[in-house]
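The structure appears below as structure tokens.
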Amino acid sequence: MKFLISSKSPESVVDEAVVIPIYSEIKPQKSLSKPLQQALSSGDFKAEANQLFSFYPESEFKAKRVIYISLGKESEVTLESIRRAFHSVQKKLNSVKVKSFAVALPKTKFSESDVARAIAESLMLSNYAFDKYKSEEKEQSTRFSQVTFLASPSIQKSLDRAVIVCNSTNMVRDLVNENSKDKNALILESFARKLAKECRLKITVLTEKDMKKLGMNLILAVSSGSPIPPRLIFLEYHGNAKSKDVYALVGKGIGFDSGGLNLKPTGYMETMRTDMAGAATVFGILRTAAELKLNINLVGVAPLCENVVSGFSFKPGDVFTAYNGKTVEIGNTDAEGRLILADALSYTVKKYNPTLTIDLATLTGACVVALGERIAGVMGNNDDAIKNVVQSGKDVGEHLHELPLFADYNDSMKGTRSDLNNISSNKGDGGAITGGLFLQNFVDKKPWVHIDMAGPAYMKTEYHYVGPNATGFALRTIIKFFETK
Ligand code: BES
Ligand code: ZN
Ligand code: ZN
């Protein structure tokens, strides 16, 4: 996508279309263009949020089409309502096969830069389509590719940031949407190596042999049914040589989750290629941080393997010793995400001693039941960090809600022959919470936030400017979190 800036007025800009934001309070007065006056006074166009009114101008505009987009009530406008309105714009313009258009910025209580960034992000995320496997309609190739902002040159930096963030988000979406067979641990390792080279990140890869030596028996157990060996990837970004602070991001990277011997039934397995969304998001965040040159030090960690079935599969009831020495009985092979994260978290905490560790995982169906598919669950042992993550989400239009790490539920996570069981023995315990409680055993009481994004990482249908399919959820939230550090 190409973003340009022009000082031209909406009336004088020459383009395939010019988009002009308005508010619901607009009155049909003389200063407005005639068609808009008529549409308003006749009541044909009520200028409700996200509604469009378009026409082919005769002489008062130089652009081929004029499109008014309502942002809703002026008193209620938010950056999110602007993003949502521009999703309507994206749909309209692509439906008429416009390739290039200009957009005027609305007057709001936000800075011009923030408004421009919101519009740019909405357009870039809306315009994404995963059409690789469609033989006829290649959606992306017919979509617009140039937008001219009618604004002051001072918004340039904001536009540049939007492009970086959205290209990375769309990269994550490509990875998550990809076939399972094309993103096994070895393929994702190559991807990470290429990314490291392009973004000048330090990369370290632990192989199956390394894991055996280190005693990472939980990752090894999950991976044991697959002919493809597991990997544990570390990508380091050093953006602040003066600081000793390191932030760690750990992402669940299950290339396919069949459930293992506790096989998932039909209806629950078909989207399980997306079970590596956490790891993909970690890759995307590292890429974004490097390109934005964020003033922080980051390590991105991705335990990668698949949970499939063979004669070598790990068995329910067996006990394995984790990297940190705790023993875990397998109550259910489908609760595999917490197992690979456990080894990855305890190794990361020990090796890097991070200021804060954030894990991102499509961890539990229970979280989707608790909060619905559009809201992620957040848990952790550091109230400030949780609050800031939730607020960063609000700022970028991603929804996260805190769930309590209710300690009483620990009682039902004990093993009969081991320290821990990977599932709760009590069906009445909240499944998202017990998932979080399990992970808590592997962070050595160091500052940690757990994001269960089983719901919002993937949408079956369109959801404003993200979806259908992979959404790239949490990348923008975490980048916002670091931008405000
Ligand atoms: N990958 C799933 C969770 C999931 C469910 C992600 C729906 C995206 C959409 C996870 O590994 C899983 O299967 N969890 C089990 C845990 C249970 C066995 C304790 C679940 O949620 O049913
Ligand atoms: Zn599972
Ligand atoms: Zn899973």
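Counting convention: from 1, in listed order, for ligands and their atoms alike.
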Using a strict threshold of under 4.0 Å (side-chain N to carboxylate O), is an ion pair present between Lys252 and Asp275?
yes

Between Glu198 and Arg287, does at least one N-O distance fall below 4.0 Å, as a salt bridge requires?
no

Which atoms of ligand 1 have any heavy atom of [X] under 4.0 Å away?
X	value
Lys264	2 (C), 12 (C), 13 (O)
Asn332	18 (C)
Lys252	1 (N), 10 (C), 11 (O)
Glu336	11 (O)

With respect to [atom], which of [options] exhibits the smallest heavy-atom separation?
atom	options	answer
atom 10 (C) of ligand 1	Thr364, Leu363, Asp275	Leu363
atom 5 (C) of ligand 1	Gly365, Gly331, Gly337, Ala361	Gly365
atom 17 (C) of ligand 1	Ala335, Ala457, Cys367	Ala335

Checking heavy atoms under 4.0 Å, the part of Thr434 that sits near ligand 1 is neither

Which segment of Ile423 sits under 4.0 Å of ligand 1 when only heavy atoms are counted
side chain

For a distance under 2.8 Å, give residue and atom name for each protein N, O or S atom next to the Zn ion (ligand 2).
Asp257 OD2, Asp334 O, Asp334 OD1, Glu336 OE1

Considering non-hydrogen atoms of the protein only, which is the closest contact for atom 9 (C) of ligand 1, and what is the distance?
Met272 CE, 3.6 Å

For atom 16 (C) of ligand 1, closest protein heavy-atom neighbour
Arg338 NH2, 3.9 Å

Hey, is the Zn ion (ligand 3) within less than 2.8 Å of some N/O/S atom on Leu363?
no

Is the backbone N or O of Ala49 less than 3.5 Å from a side-chain atom of Arg84, with the two atoms forming a donor-acceptor pair by type?
no

Provide the full list of salt bridge (Lys or Arg N to Asp or Glu O under 4.0 Å) pairs with a residue in residues 438-464, sequence neighbours left out, each pair given once.
Lys91-Glu462, Glu373-Lys460, Asp444-Lys446

For the aromatic rings, using the six-membered ring if either is Trp, is the centroid distance between Tyr463 and Phe473 under 6.0 Å?
no

